[in-house]
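Notes follow the structure.
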Amino acid sequence: MLEKFRSLAIGLCLIVILAGLGAYFMVQLGGGENIFGGKSGDLPPVEFETLTFESGDAGYLLCSQETCPAAIANGPSARFPVSAQKLRLAVADYADAMPTARTFRFDPIQNQFDFTERQPGQALPTVVTVKIQELNAYESALAIYSRKPVGDDSAEDNEKLVNRWISVLMSQIAG
């Protein structure tokens with residue numbers, strides 16, 4: 001009796017392993033989108049002009065009233081004493097140097113960029129959207145919106161992340 005149970009358990013384990021290998025190879029060969037979803041994701045781009053946000057929401061938004069007329073932001077856009085081109089370069093350098101950040105969407109025409117950043121201890125990444133605006137030849141502003149579309153999210157975590165981004169960008173520009 002024990003021998004039959006052992007043989008049955010080994011047979012079931014082999015079937016599960018083979019099914020897992022089959023699913024792995026199916027995904028690696030480009031199939032399986034109906035089962036596991038696609039690689040592109042379905043996170044729509046943020047439109048700051050129509051973004052509805054209230055300061056009590058779990059995300060964190062720094063945006064001027066002109067840029068985000070439908071939102072009640074946590075604060076105004078961060079201002080930097082450099083041109084928009086130099087600020088864009090600083091943002092790209094920061095994201096490239098940060099091992100936890102990945103570029104998700106890059107739109108140089110609109111000067112808007114989406115990044116995902118995985119925080120320590122968090123299973124799902126936070127999405128950080130930045131929009132760079134040129135105020136004049138020597139000054140630019142950065143609207144920044146941090147949120148976690150899926151999973152547990154808190155305004156405090158997003159605020160810390162936004163403040164870190166801004167302080168690092170400020171020191172990068174100053175130094």
Side-chain angles (χ1 to χ4, degrees), residues 36-175:
F36 302 108
K39 293 181 182 179
S40 64
D42 59 353
L43 186 65
V46 172
E47 295 181 19
F48 283 98
E49 296 77 20
T50 60
L51 178 65
T52 57
F53 180 84
E54 294 184 17
S55 59
D57 291 349
Y60 193 77
L61 173 68
L62 294 182
C63 189
S64 66
Q65 191 63 39
E66 296 82 31
T67 306
C68 304
I72 301 172
N74 296 98
S77 298
R79 292 175 162 254
F80 293 86
V82 294
S83 67
Q85 181 181 8
K86 288 184 181 179
L87 181 57
R88 181 175 46 238
L89 182 61
V91 167
D93 287 345
Y94 173 69
D96 287 343
M98 195 67 181
T100 59
R102 301 226 188 285
T103 304
F104 179 73
R105 188 177 292 121
F106 194 80
D107 186 359
I109 305 285
Q110 297 292 323
N111 260 345
Q112 185 167 318
F113 314 99
D114 291 308
F115 304 95
T116 58
E117 185 169 343
R118 188 171 303 275
Q119 298 297 314
Q122 298 289 323
L124 299 168
T126 301
V127 178
V128 179
T129 301
V130 298
K131 183 175 182 84
I132 299 169
Q133 300 170 303
E134 187 166 339
L135 302 175
N136 58 47
Y138 305 105
E139 190 176 27
S140 55
L142 180 76
I144 185 166
Y145 179 37
S146 172
R147 77 265 182 220
K148 190 178 288 188
V150 178
D152 293 334
D153 198 14
S154 73
E156 293 81 23
D157 290 341
N158 287 307
E159 182 179 6
K160 288 177 188 175
L161 186 140
V162 166
N163 288 335
R164 179 173 40 87
W165 275 63
I166 290 173
S167 65
V168 169
L169 288 171
M170 283 288 193
S171 64
Q172 199 174 1
I173 288 170

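Nearest approach of Leu161 to Ser146, heavy atoms of both residues: CD2-OG, 3.7 Å. When all heavy atoms are compared, the tightest approach of Thr126 to Asn158 is CG2-OD1, 3.5 Å. Closest non-hydrogen pair, Arg79 versus Leu135, comes out as NH1-CD1, 3.2 Å. Residues Gln133 and Ser77 share a closest heavy-atom pair of OE1-OG, 4.3 Å. Here the shortest heavy-atom pairing between Val46 and Gln112 reads O-NE2, 2.6 Å. Counting all heavy atoms, side chain and backbone alike, Leu62 lies closest to Pro76 at CB-O, 3.5 Å.
Atom-to-atom distance recorded for Leu142:CG and Cys63:SG is 10.0 Å, nearest 0.5 angstrom. In this structure, the separation between CE on Met170 and CG on Asn163 is 11.0 Å, given to the nearest 0.5 Å. Rounding to the nearest 0.5 angstrom, the gap separating the CG atom in Leu61 from the CD atom in Glu54 is 12.0 Å. Separating the CG atom in Leu87 from the CD atom in Gln172 is a distance of 9.5 Å, to the nearest 0.5 Å. A distance of 11.0 Å separates CZ of Arg102 from CG of Asp96, quoted to the nearest 0.5 Å.
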task: Please step through side-chain contact (heavy atoms from CB on, under 4.5 Å) for the pair Lys86 and Ile173, ending with a clear verdict.
output: CA-CA 8 Å; Lys86 288 184 181 179; Ile173 288 170; over 6 Å; no
message: Using side-chain contact (heavy atoms from CB on, under 4.5 Å), reason through Phe53 and Cys68 one step at a time and then give a plain yes or no.
response: CA-CA 9 Å; Phe53 180 84; Cys68 304; over 6 Å; no
field: side-chain contact (heavy atoms from CB on, under 4.5 Å) assessment of Tyr94 paired with Arg164
entry: CA-CA 11 Å; Tyr94 173 69; Arg164 179 173 40 87; 2.7 Å; yes
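The environment of Glu49 atom CD is dense: over 12 non-hydrogen atoms of other residues, nucleotides or ligands sit within 6.0 angstrom.
A search for ring-ring contact (aromatic ring centres under 6.0 Å, His included) contacts involving Phe106 returns Phe113, not counting sequence neighbours. Among residues two or more places apart in sequence or in another chain, the side-chain hydrogen bond (donor to acceptor under 3.5 Å, both in side chains) test is passed with Lys148 by Gln122.
The side-chain heavy atoms of Glu159 and Asn74, taken from C-beta on, include no pair separated by under 4.5 Å.
Considering Val91, Thr100, Thr129, Val127 as possible partners of Phe115, the one that fulfils the side chain to side chain contact (heavy atoms under 4.5 Å, CB included) test is Val91.
Counting only residues at least two apart or in different chains, ring-ring contact (aromatic ring centres under 6.0 Å, His included) contacts with residues 55-80 are absent.
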